[in-house]
Amino acid sequence: MLLVFLHVAPPNPLSRQYSRQVNAWVFPLFEQNWRLFAPEPESVNRQISARTMHTAPNGTAQVSGWFDLTAVDTAAVNHDPFPSHTAQNMLRRAWNSYLTTHGGDDHSRSQRAVMIQQYLRNVAADRVAAHRHGAFESIQLRVITLPIAGPPAAGGPSPGAAAPGPAGTRYLPWWKVARHATG
């Protein structure tokens with residue numbers, strides 16, 4: 001509670017002195033923005049999948065098949081009359097924050113970028129571990145982006161309506177996940 005208070009309170013000597021620690025704890029879990037009141041509609045659909053890697057006793061790497069994390073979130077929302085905010089937004093927001101801090105090259109250029117990468121990795125690893133059994137030491141994400149067609153021109157549907165662009169697939173690097181190494 002104290003850290004959240006220092007984050008939202010007007011600037012003062014205490015909040016300035018401990019701003020790094022406060023921000024490390026508050027972001028991205030309690031990030032504030034105005035999207036609740038003026039949301040930006042999504043222009044793409046994203047399917048985020050993960051696969052894991054485990055080193056067998058003989059030293060060979062065993063790579064799992066892709067596991068659709070987005071489908072798990074969608075199923076949790078579709079079949080629950082009161083879905084949690086976490087089920088609806090945690091993975092999507094983690095990915096959007098990763099895109100904002102890393103761009104297209106997957107290199108962390110700030111402490112915030114490192115923290116967001118760790119957050120995305122942990123969300124994905126926790127989701128995989130909750131639905132699949134077995135040990136793994138590394139995780140890789142694949143994000144398939146499917147653009148959404150624009151609305152038809154004013155006056156109704158027309159052949160000139162904006163067509164969606166091509167789908168894109170992005171593979172993130174393999175990340176070590178030590179806490180899931182003992183399954």
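Everything quoted here is computed from the prediction, not taken from an experiment.
The distance from the CG atom of L6 to the CD atom of Q21 is 10.5 Å, given to the nearest 0.5 Å. Here the straight-line distance linking atom CZ of R112 with atom CD of Q117 works out to 13.5 Å at 0.5 Å rounding. Separation of atoms OG1 (T169) and CD (Q47) is listed at 9.0 Å; rounding is to 0.5 Å. Rounded to the nearest 0.5 Å, atoms CZ (R93) and OH (Y119) are 8.0 Å apart. How far OG of S64 is from NE2 of H54: 11.5 Å, rounded to the nearest 0.5 Å.
Environment of OH in Y18: sparse, with no more than 12 heavy atoms of neighbouring residues, nucleotides or ligands closer than 6.0 Å. Enclosure of atom CZ in R16 by more than 12 non-hydrogen atoms of other residues, nucleotides or ligands within 6.0 angstrom is indicated. Within a 6.0 Å sphere centred on CD of Q62, heavy atoms belonging to other residues, nucleotides or ligands number more than 12.
In terms of heavy atoms, Y171 sits closest to R142 at CE2-CD, 3.5 Å. Minimum interatomic distance between H102 and S108 (heavy atoms only, all atoms of both residues): NE2-OG, 2.8 Å. The two residues R109 and A113 make their nearest non-hydrogen contact at N-CB, 3.9 Å. Of all the heavy atoms in A167 and L146, the pair that sits closest is CB-CD2, 3.4 Å. Looking at every heavy atom in both residues, A125 comes nearest to F136 through O-CZ, 3.8 Å.
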Please step through side chain to side chain contact (heavy atoms under 4.5 Å, CB included) for the pair W175 and Q118, ending with a clear verdict.
-> CA-CA 9 Å; W175 293 326; Q118 292 168 348; over 6 Å; no
Under the side chain to side chain contact (heavy atoms under 4.5 Å, CB included) rule, what do Y98 and D106 come out as? Steps first, then yes or no, please.
-> CA-CA 9 Å; Y98 183 86; D106 300 315; 2.7 Å; yes
Run the side chain to side chain contact (heavy atoms under 4.5 Å, CB included) check on T145 and R170 step by step: do they pass?
-> CA-CA 8 Å; T145 303; R170 180 171 172 180; over 6 Å; no
Evaluation steps, side chain to side chain contact (heavy atoms under 4.5 Å, CB included), between W95 and T100 = CA-CA 9 Å; W95 173 250; T100 300; over 6 Å; no
Decide yes or no on salt bridge (Lys or Arg N to Asp or Glu O under 4.0 Å) for R92 and D73, but give the supporting numbers first.
-> CA-CA 10 Å; R92 180 182 57 83; D73 286 0; over 6 Å; no
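Both V143 and V128 are members of a single hydrophobic cluster when ILVMFWY side chains are connected at heavy-atom separations under 4.5 Å. Residues L172 and L99 fall within the same hydrophobic cluster, defined by Ile, Leu, Val, Met, Phe, Trp and Tyr side chains chained together at heavy-atom separations under 4.5 Å. Transitive grouping of hydrophobic side chains (ILVMFWY, heavy atoms separated by less than 4.5 Å) brings V72 and L120 into a common cluster.
Judged by distance alone, with hydrogens and angles left aside, the side-chain atoms of T70 form a donor-acceptor pair with the main-chain N or O of I48 at under 3.5 Å. S15 places no side-chain N or O within donor-acceptor distance of the main-chain N or O of P11, the cut-off being under 3.5 Å. Distance alone, capped at 3.5 Å, places no donor-acceptor pair between the T60 side chain and the A56 backbone. A distance-only check finds no donor-acceptor pair linking the side chain of D80 to the backbone of N78 [under 3.5 Å]. A donor-acceptor contact shorter than 3.5 Å is absent between the side chain of E137 and the backbone of K176. Without hydrogens or angle criteria, R46 side chain to V44 main chain gives no donor-acceptor distance under 3.5 Å. Checking side-chain atoms of S97 against main-chain N and O of I116 turns up no donor-acceptor pair under 3.5 Å.
The closest side-chain heavy-atom distance from R127 to M90 is below 4.5 Å. At least one side-chain heavy atom of W174 sits under 4.5 Å from a side-chain heavy atom of V63.
Of the candidates V123, L91, L69, L141 forms a side-chain contact (heavy atoms from CB on, under 4.5 Å) with just one, namely L69.
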